[in-house]
Amino acid sequence: MTDLIDLSLAAARDAIASRQITAVELVGAYTQRVESTRALNAFITETLDQALARARAVDAGQVTGSMAGIPIGIKDLFCTKGVQTTAGSAILKGFVPPYDSTVSAKLESAGAISLGKLNLDEFAMGSSNATSHYGPVTNPWKRSGDDRALVPGGSSGGSAAAVATRSVLAATATDTGGSIRQPAAFTGTAGIKPTYGRCSRFGIVAFASSLDQAGVIARDVRDSAIMLQVMCGHDPQDSTSAPLPVPNWEAALTGDIRGLKIGVPKEYRLDGTNPEILALWDRGLAWAKAAGAEIIEVSLPHTRYALATYYIVAPAEASSNLARYDGVRFGQRVPGKTLDEMYENTRAAGFGAEVKRRILIGTYTLSAGYYDAYYLKAQKVRALIARDFADAFKTVDVMLTPTAPTAAFALGEKMDDPIAMYLNDVFTVPASLAGLPAMSIPAGLSGDGLPLGLHLIGKPFDEATVLRTAHVLEQQAGFTARPAGY
Ligand code: GLN
């Protein structure tokens with residue numbers, strides 16, 4: 001039999017169900033892997049003992065469900081009852097939630113077994129996982145002939161690295177402007193962000209509430225579909241949760257995209273884009289065509305305003321959401337002589353530089369004199385960006401673009417240049433602003449041996465077409481490369 005950690009989620013699920021393997025064996029194999037990859041710093045908190053106890057319960061038939069016995073990781077932005085939840089921030093160090101997020105609770109009731117809480121950029125703000133108070137995560141991939149450590153992308157860098165090193169079968173992640181898709185692209189994994197409203201946000205530490213959406217990073221498209229299925233569904237505890245049934249996404253993977261209309265947004269052919277990324281995009285289009293899809297150029301004229309719009313809307317919402325960390329109710333407190341001084345000391349010590357930058361920008365754009373000029377204007381442009389997509393989706397079923405403008409970069413690179421860092425999101429942010437489902441799949445290697453991703457964007461609540469198309473392209477790409485040593 002193949003090594004246990006070589007089994008996909010789908011295969012492991014079937015092997016447990018047919019009693020070819022036990023959950024204890026599977027969790028044991030993954031526990032060893034978590035221990036042997038600790039140097040990458042993917043986990044903030046491990047829960048390996050609880051995991052083993054749950055695996056025993058699965059084998060005893062006391063825990064059942066569609067993911068019974070499957071070892072997963074949970075991004076440390078999801079509240080987990082009784083297990084520290086930090087959001088990557090010093091201010092939440094030691095915070096042990098008394099309740100579970102809806103998503104982590106659903107996974108638990110489906111029988112999935114969490115091995116722990118995964119590292120991330122502080123409050124999910126970043127593209128490199130380097131803003132985490134708990135230290136950066138290292139990408140298991142390296143450039144050929146170059147030993148420098150690279151970033152795994154962000155903010156779900158721990159989720160991506162843990163899946164890429166096979167320390168978990170799949171992981172939860174969240175995406176506000178690209179934080180599932182970009183790290184998936186940087187680590188040779190698959191990552192899907194469903195439509196805004198598909199997954200409940202209840203119990204997920206809020207960054208920008210009108211953009212935040214939970215999703216999955218997994219090894220392949222089928223595994224992503226299986227886990228996403230468990231996580232989604234209407235939740236009365238989240239007023240923006242969509243009251244819609246969740247289709248069977250695994251059954252949507254028919255392998256057939258004949259006659260499908262795939263849009264290519266012409267505005268995404270940015271001047272100065274890395275020729276390797278453009279070549280990968282062309283290859284993806286050729287694969288789609290060979291599989292019988294029709295390629296149609298579409299226009300999203302407001303694309304050039306998307307990043308600027310995102311970097312007004314997201315910090316504005318963050319500045320409001322993060323007002324709750326005042327040393328009174330959650331996590332850390334730094335005393336002061338007066339109440340105001342206690343607030344100031346707590347927030348000064350508890351938040352890192354990137355979070356402070358966003359709070360300052362957000363507070364500024366929401367302030368009385370600037371609200372109309374920045375925040376209100378950004379909301380109007382956001383509506384135009386969403387309308388561009390709605391218009392284009394009158395003629396196509398799904399769109400295909402690159403995921404990120406570059407492959408993974410070195411640890412420390414771009415840290416002193418926020419604008420260069422923000423440019424990582426250029427292809428992912430428009431779909432976030434429009435609330436659309438989108439997925440990155442590994443599609444090839446750069447000249448220096450790093451994974452590159454292709455990105456599919458779908459119509460609202462049409463994850464099925466995104467997954468079906470991604471599945472076909474995944475087969476055509478035949479991406480089997482692994483990071484050396486893992
Ligand atoms: N990189 C983007 C940011 O820093 C997106 C983060 C995210 O999706 N959570 O805001």
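Counting starts at 1 for both ligands and their atoms, in listed order.
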I'd like to check which ligand 1 atoms, numbered from 1 as shown, lie under 4.0 Å from a non-hydrogen atom of [X].
X      : result
Ala124 : 6 (C), 7 (C), 9 (N)
Ser155 : 9 (N)
Phe207 : 9 (N), 10 (O)

Among protein heavy atoms, which sits nearest to [atom], and what does the distance come to when rounded to 0.1 Å?
atom                   : value
atom 5 (C) of ligand 1 : Tyr310 OH, 3.3 Å
atom 2 (C) of ligand 1 : Asp425 OD2, 3.0 Å
atom 1 (N) of ligand 1 : Ser127 OG, 2.8 Å
atom 6 (C) of ligand 1 : Ser179 OG, 2.9 Å

Should Phe78 and Phe202 be marked as a ring pair (Phe, Tyr, Trp, His ring centres under 6.0 Å) after you check the CA-CA gap, both sets of side-chain angles, and the distance that decides it?
CA-CA 9 Å; Phe78 293 78; Phe202 178 77; over 10 Å; no
Using heavy atoms and a 4.0 Å limit, tell me yes or no: is [X] in contact with ligand 1?
X      : answer
Tyr311 : yes
Gly126 : yes
Arg358 : yes

With a 4.0 Å cut-off on N to O distance, would you call [X] and [Y] a salt bridge?
X      : Y      : result
Asp147 : Lys142 : yes
Asp175 : Lys75  : no
Asp238 : Arg201 : yes

With respect to Gly154, determine whether any N or O atom, backbone or side chain, lies less than 3.5 Å from an N or O atom of ligand 1.
no
Should Ile226 and Arg222 count as side-chain neighbours, where that means a heavy-atom distance under 4.5 Å?
yes
Does any part of the side chain of Thr309, heavy atoms only, come nearer than 4.5 Å to the side chain of Leu433, both counted from C-beta?
yes
Between Ser132 (side chain only) and Pro136 (backbone N and O only), is there a donor and an acceptor less than 3.5 Å apart?
no
Should the pair Trp281 and Phe427 be assigned to parallel (<30°), tilted (30 to 60°) or perpendicular (>60°) ring geometry?
tilted
